[in-house]
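Notes follow once the structure below has been shown.
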Amino acid sequence: MPCSSIETSNNFCGGGDGGDVNGRIHNFKLNEHTFLASLMPKKEIGADRFIEAHPHYDGRGAVIAIFDSGVDPAASGLQLTSDGKPKILDVIDCTGSGDVDTSKVVKADKDGRIQGASGASLVVNSSWKNPSGEWHVGYKLIYELFTDTLTSRIKKERKRKWDEKNQEEIAKAVLHLDEFDQKYTKVEDLKLKRAREDLQNRIDLLKKQGDSYDDKGPVIDAVVWHDGELWRVALDTQSLHDDRKCGKLADFVPLTNYRIEQKYGIFSELDACTFVVNVYDEGNILSIVTDCSPHATHVAGIATAFHPQEPLLNGVAPGAQIISCKIGDARLGSMETGTGLTRALIAAVEHKCDLINMSYGEPTLLPDYGRFVDLVNEVVNKYRLIFVSSAGNSGPALSTVGAPGGTSSSIIGVGAYVSPAMAAGAHSVVEPPPEGLEYTWSSRGPTADGDLGVCISAPGGAVAPVPTWTLQGRMLMNGTSMASPSACGGIALLISAMKAEGIPVSPYSVRIALENTSIPVGGLPEDKLTAGQGLMQVDKAYEYIQKSQDLSCVCYQIKVNQSGKSTPISRGIYLREATACQQSTEWAVHVEPRFHDDASKLEQLVPFEECIELRSSNNAVVRAPEYLLLTHNGRTFNVVVDPSNLADGLHYYEVYGIDCKAPWRGPLFRIPITITKPKAVLNRPPLVSFSKMSFLPGHIERRYIEVPLGASWVEATMRTSGFDTSRRFFVDTVQLCPLRRPIKWESVVTFSSPTAKSFDFPVVGGQTMELAIAQFWSSGMGSHETTIVDFEIVFHGIGVNRTEVVLDGSEAPIRIEAEALLASERLAPTATLNKIRVPYRPTEAKLCTLPTNRDKLPSGKQILALTLTYHFKLEDGAEVKPHIPLLNNRIYDTKFESQFYMISDTNKRVYAMGDCYPASSQLPKGEYSLRLYLRHDNVQYLEKMKQLVLFLERNLEEKDIFPLNFFSEPDGPVMGNGTFKYSILVPGIKESFYLSPPNKDKLPKCSSQGSVLLGAISHGNLSYAGEGKNPQKNPVSYQISYVVPPSKIDEDKGKGSSSASTKPMAERLQEEVREAKIKVFGSLKQDSDEDRSEWKKLAQSLKSEYPKYTPLLVKILESLLSRSNIGDKIHYYEKIISAADEVIDSIDADELAKLFSLKADPEDEDSEKNKKKMETTRDQLAEALYQKGLALAEIESIKGEKPSALAASEAVSSDLRSDLFEENFKELTKWVDVKSSKYGTLYVLRERRFGRLGTALKVLNDMIQDDGEPPKKKFYEMKLSLLDEIGWNHLSTYERQWMHVRFPPSLPLF
């Protein structure tokens, strides 16, 4: 996710001016010049001094790839470079979220019209060149291209206008009703009652529609064609405009791929949203690129914005050019995806970029690991790109750096720094800090494997350009997201100078120059874990690069392992746990020089030799050899670390290598050594307190505690005193466990006055816990009072022999053994099962090679895609979440490139999309397909995934949630005695109890064999809380699962089926033959005239053989209804009427009515059989009447006939010919509910015949609402025709937009 936050403020006030480079100040005052400069900080990193000394080295010649949420090419300052070149060379959506399927090809008619993919008739501009005459068409719902913020703004405006139109129609409908009531004071006649009911229904419908309004947004049509030279694109955006003369396809100025002409469009004035287009796969895929948040534009502005009218607001490198690589997927908000990351790297290499800036990141399971990291290593080492990325915003605790910026060796991870000038100007604080510092939230190192984590720091806030759709020019954001482009812009200045002076550009030489010339932030060694080597200085780094330009471009790879152990391999030494801090340890350090892949073996690798002096920052704790002769193949040396005499707390040291022949180069490599010596908790009950801690703005107190074995949760109290204005604190705890993401608990607490607050959170016994308490950097500024904090921690714990419990589906209970190792605890177990996971195998696996160059790796390998399709059915609406244990919850720390899923119904409507962090989605009852999309260039990996098991997880309804029972005896679940409620655990004494499996008779109906019921179990309560029945609300809970066993055998199944038939064998044989003939007859095709002729002959033959046999006549009617390619429609519908009449005549309706009037005896088997037979006959009769009615209505419609005026008013007279439709309808009402979804269509047609369109719409809406199946397109098409007929254009437009959501022609592209 993006590593930033947005601050909005219109008041930029404060005072002050910068003193020394690190920002120490006295009597700080701002003037207009320094105020504007503080909005886009450059002085802090020496960029202003550098450009002043070298005005032509302002980024010219440097190209930066912005891996982010998509840059707006229309944003202020992002059109031109300082030397007049295009600022943005290309804009690419790497995620595919803006892709439009344009594989459908149409040709224009003689009037130059084509049918768009949305169904709209479009006129192409006659001046557009199209030698082939082929037009590729597609469409897109516009909200899929907008951010949530923009969508919300557009929806409000559209809703306002829609409401105005709806209110107009309501007013008209009310007027018509009022006129009716004035005309007819007494409404007793049936026809008048129905007429008034119709008028009232119209009012009710309009009101209800206003309440249920849900705008899915306009649809835009896209047309793609080849003009003989380039692929061109035009959009029809009429649906976005109030004036339908605007936005026509023919008036659109055609665009082509952005990199060719650098042109963009804006959808409409209402949205002010910029877009560009790119065409792929020979016109079959159109990518419409918009940004998915202001983040990327802001980042690009910090790095490169050029404002000739106000140079103080320039970005750091106004001469640099950029390419925008959108890695934030608009379908997921702005979350990055593996597909986006990989395509972005491909694009950066293709465009020969010098730099990559990526202000995104996530926590990681393993540092410096994963598919993306492997690709980054190749890009950096082989193609010499310099990769800069944010360290993360998860501070102030240590080991909070995120991937990839803070955890990957090939990436320069940047921390966020705030200077006094930034605080006074950009943040508008009352009184800025006396010197610069890291933002409180900036992530800290080291990584889990001991690497420093943060490389350098840069200003982490700025007022920079934002997209035009925000309706403002710039805004304040802060985060390491802002620090990264600040550093990236500074590096672009260096590249500009290096290229101009002919110095080879290498990420290795640039990185060492930055690290060895940065100014430390803070005066303590451990401050490096916060700010890296310090605040970067462009001018000093330039001098370093100039001086070292003739030296080899080499980096030094560090691999560390404890002597005598081959694993794990780490990049530093990190002694965190208590046992590691109590004695000396020896470590083997392997240093291997690494050259770029194109380095000459004979000229660079063979001659490489350096005499290295090894130095320790503290020989009393860390000892290393004095010298090392280093050659290309590397060397190993030992380091001894003795922390035994250190005080409790944080200690940081380094072993670093100095070139004996050129000590001015500074450290060539560093081995970071971090020691967090924890405080042991020896007293019982286990309590530790930290008293009288003093805080000023930005101050951090760190405490390291050895969590006692047996502890599983903490109850803590924080007391504050000694201050006046409110104070804001960050309280973090972190524990590290192997192969897990850092276990972090955090709370942001604001104290408006001196008081106490309590917390509780889980812990892992035996592991060191860091407690970091920080007063927010800007909290309390202007008040000179120190805040005093007392923090007390009490450890609690109940140890059990089974943490995660698995019930295997048998009747046997699970024995659980509990003990309290620290102090007496109340043992009060609770357990519930509240979720179910149902496993599915794919029904289809499709492997293909992706066709476009955007999926071709720099190595030349084409990426492959595997699409797995899973089918599932929901008997009731439910909230569903896909779960793929192998792949979920990992973006960077996975060797698989990408995963993406879509859930759609049988109409192809997409209900949910997601990636490695699946979310729950509410789905109505029905059948669904889930398509899972996996990518990699290795076909063997994908082949192994073809039978990948996927779970669908859903929350159980309240009535189905299982509270499980506990017993003190093994037979308790069966006997029902010996219930276990609670006990007091005394240290040293274990107690046991039994957990009973759920009652199998009460399992939810959706629990099939192999499903897993999930829930939580807890064993203790908070000391200050009452008894809790929900284990997940207790301080510590563990997962509990129950494997659903095979269903019990239905003992009643098959009973009665063995009773011998009373019919003679010959008669039974004749019946079997008859049914077989009818079955074969029903399977006959009727595609050709010959087929239909044969079908007709056989139908006549069977009718002669089995006269008035209803099942046969029903089959004939069904066969007629299934016909396609109908010629003479009137003749066809007359045949249906005839066939329906034959079914009706074959049934004795009077006899059937009599039988239904008799009450069947449910205990009598024969009576029940007769009842079912009667119901079948009744349904056959109703279906025939229903189909006859539809056919009669169709004939009326084709002939253009309408009932006479008298018939329409239901005044039936004996001298008029009978209304066949009405007679048929009345007969149908005797047998079924004609308003039901099955037969309601006929009711709607009837009301329409009589002009009661309001009633017809009401019935149709009720049918749609009550229909348990997926939406039927015919219902909505009928609704549209009724709305058009009634003249409610605003509603018909609204429903037509929804049609594209409910019934898309195809599934969207991944």
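Counted within 6.0 Å of CZ on Arg740, heavy atoms from surrounding residues, nucleotides or ligands total 12 or fewer; the atom is thus considered open. The environment of NZ in Lys856 is sparse: at most 12 heavy-atom neighbours from other residues, nucleotides or ligands sit within 6.0 Å. Atom OH of Tyr941 has 12 or fewer heavy atoms from other residues, nucleotides or ligands within 6.0 Å. Within a 6.0 Å sphere centred on NZ of Lys1000, heavy atoms belonging to other residues, nucleotides or ligands number more than 12.
Every residue was checked against the side chain to side chain contact (heavy atoms under 4.5 Å, CB included) condition with Lys1173, not counting sequence neighbours, and none meets it.
For the pair Lys895 and Tyr369, the cation-pi criterion (under 6.0 Å, within 45° of the ring axis) is fulfilled. Geometrically, Arg935 does not engage Phe1310 in a cation-pi contact, judged by NZ or CZ lying under 6.0 Å from the ring centre and within 45° of the ring axis.
The pair Glu875-Lys1005 fails the salt-bridge criterion, with no side-chain N (NZ, NE, NH1 or NH2) lying under 4.0 Å from an Asp/Glu carboxylate O. Between Lys835 and Glu879 there is no salt bridge, since no side-chain N of the basic residue sits under 4.0 Å from a carboxylate O of the acidic one.
In this structure, Tyr911 has its ring center closer than 6.0 angstrom to the ring center of Tyr928.
Relative orientation of the Phe896 and His936 rings is perpendicular, given thresholds of 30° and 60° on the angle between their planes.
Here the OG1-OH distance, from Thr337 to Tyr933, works out to 10.0 Å after rounding to the nearest 0.5 Å.
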